[in-house]
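Here is how names work: the chains are called A, B, and so on, in the same order as the sequence lines, proteins then strands, and each is numbered from 1. These values consider heavy atoms only, across backbone and side chains, with no hydrogens, waters or symmetry-generated copies.
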2 protein chains.
Amino acid sequence: MADPQERLEQTIRVLKDKGCRLTPQRLAMLRILSKSEGHPSAEQIYEQIRADYPTTSLATIYKTLSLLKNMNEVFEITFASVGSHYDGNKPYPHPHLICTKCGQILDPEFGPLAGISQEISRQTGYKITHQQLIFFGLCPKCQKAGQAPE
Amino acid sequence: MADPQERLEQTIRVLKDKGCRLTPQRLAMLRILSKSEGHPSAEQIYEQIRADYPTTSLATIYKTLSLLKNMNEVFEITFASVGSHYDGNKPYPHPHLICTKCGQILDPEFGPLAGISQEISRQTGYKITHQQLIFFGLCPKCQKAGQAPE
DNA sequence: CATCTAATTGATAATGATTATTTATAGAAA
DNA sequence: TTTCTATAAATAATCATTATCAATTAGATG
Ligand SMILES: [Mn+2]
Ligand SMILES: [Mn+2]
Ligand SMILES: [Zn+2]
Ligand SMILES: [Zn+2]
């Protein structure tokens, strides 16, 4: 994982570059996201923030997450059955390992790209039941510029 | 892809084995799902069904999908930003290729497991921007039987 | 420091996909 | 026919997320 302090400073730099304000609520969120322990959901971030800033609104959490997503300073794991979770420590797409019972989410570390499941299983002790591999991109039709989404 | 007729018959067999009834609405759904053209959403299945059975309720679609999921006769692609989509032709986990502009979902065919993105891109003409690879399983703690989910 | 103003916040309403509930229906069994 | 049970239809409820808008404030300016 990246050094949380460096991630924090990096994100603050990007925010300032874009002319965004650094409010206390945002700073508190950045501290949490720079570590992203356990890949928190919006609700979990909200609960942590409220410890220090009891009047914070959940809407602020969502708006800040949206802002950070747009500048690629947080990565969103969108999986319907567990809701969205966030990783501000590795703010780019990467594989995840989800426990289907308790919902715990890990970043599995793996080198090549073969026998992955076994390797992850060995590393983490998880018993892997299934996986989801999704590729995103633009279909040929959508690559033509100036075309509205259907 | 599997032969839709065979998939239809297979699912009907499983339903009967479990003592479930084969209603006209269900049969209409099975016909759609056995092909699963375009990986339809619940809403899209609903619209197709209504052509033949105008009084059908959306709740029935969801209930039947839930039934079929439980007997592994349909695979659900749960990705938050596009909502759930269904594949009854290949009713088991497999990779998907999603256009982030129009939402089209394909089953990319690929052999080994290296240089996948390039191969998929060549086969489909998609310009791949990112991917999501998620492994599901049970963490060591959850593998201990009789433990409640957190 | 005081003032100014656009960005941001907090409170709340709205949205939308999915699930739950309740009553009605229909076919199988007796 | 009567009874029984699975299922359907209609509708309400849920819940995560987004939108709205008046109030507040960070940060620039003088
Ligand atoms: Mn991660
Ligand atoms: Mn598929
Ligand atoms: Zn677990
Ligand atoms: Zn497209």
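A donor and an acceptor atom, one from each side chain of A:Gln44 and A:Tyr86, are nowhere located under 3.5 Å apart. Between the side chains of B:Gln10 and B:Glu6, no donor N or O sits under 3.5 Å from an acceptor N or O. For the residue pair B:Glu73 / B:Thr11, a side-chain donor-acceptor distance below 3.5 Å is found, with atom types taken as modelled. With no hydrogens or angles considered, a side-chain donor-acceptor pair links B:Ser84 and B:Glu76 at under 3.5 Å.
Judged by closest nucleotide on DNA chain C, A:Thr60 is the one of B:Ser66 and A:Thr60 placed further toward the 5' end.
Distances shorter than 4.0 Å separate some side-chain N or O of A:Tyr62 from OP1 or OP2 on D:dT17. Look at A:Ser57 and you won't find any side-chain N or O under 4.0 angstrom from OP1 or OP2 of C:dT12. For A:Ser84 and D:dT17, the shortest distance from a side-chain N or O to OP1 or OP2 is below 4.0 Å.
Contact of the A:Asp87 side chain with the A:Leu33 side chain is not registered, since no non-hydrogen atoms from C-beta on lie closer than 4.5 Å. Residues B:Ile45 and B:Pro40 have side chains in contact (heavy-atom distance under 4.5 Å, counting atoms from C-beta outward).
Here A:Ser41 lies out of heavy-atom contact (under 4.0 Å) with every strand. B:Gln25 comes within 4.0 angstrom of sugar-phosphate atoms only, judged by non-hydrogen atoms across all strands, and of no base.
By the 30° and 60° cut-offs, the orientation of the rings of B:Phe75 relative to B:His96 is parallel.
Regarding B:Leu58, its CG atom lies at a distance of 14 Å from the P atom of C:dG16, rounded to whole Å. When the P atom of C:dT8 is taken as reference, atom NZ of A:Lys18 falls 13 Å away, rounded to whole Å. Regarding B:Glu76, its CD atom lies at a distance of 13 Å from the C1' atom of C:dT19, rounded to whole Å. For the pair B:Leu65 CG and D:dA8 C1', the computed distance is 15 Å after rounding to whole Å. For the pair A:Arg26 CZ and C:dG10 C1', the computed distance is 14 Å after rounding to whole Å. The CG atom of A:Leu27 sits 12 Å away from the P atom of C:dT9 (whole-angstrom rounding). At whole-Å resolution of the value, NZ in B:Lys16 and P in D:dT7 are 13 Å apart. Taking atom OH on A:Tyr46 and atom C1' on C:dT9, their separation rounds to 12 Å, with Å as the unit.
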Identify all pairs in which a protein N or O lies below 3.5 Å from an N or O of nucleotides 22-29 of chain C, and state each distance.
none

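Here C:dT18 is the nucleotide among C:dT18, D:dA9, D:dG27 with the atom lying nearest to any side-chain atom of B:Ala42.
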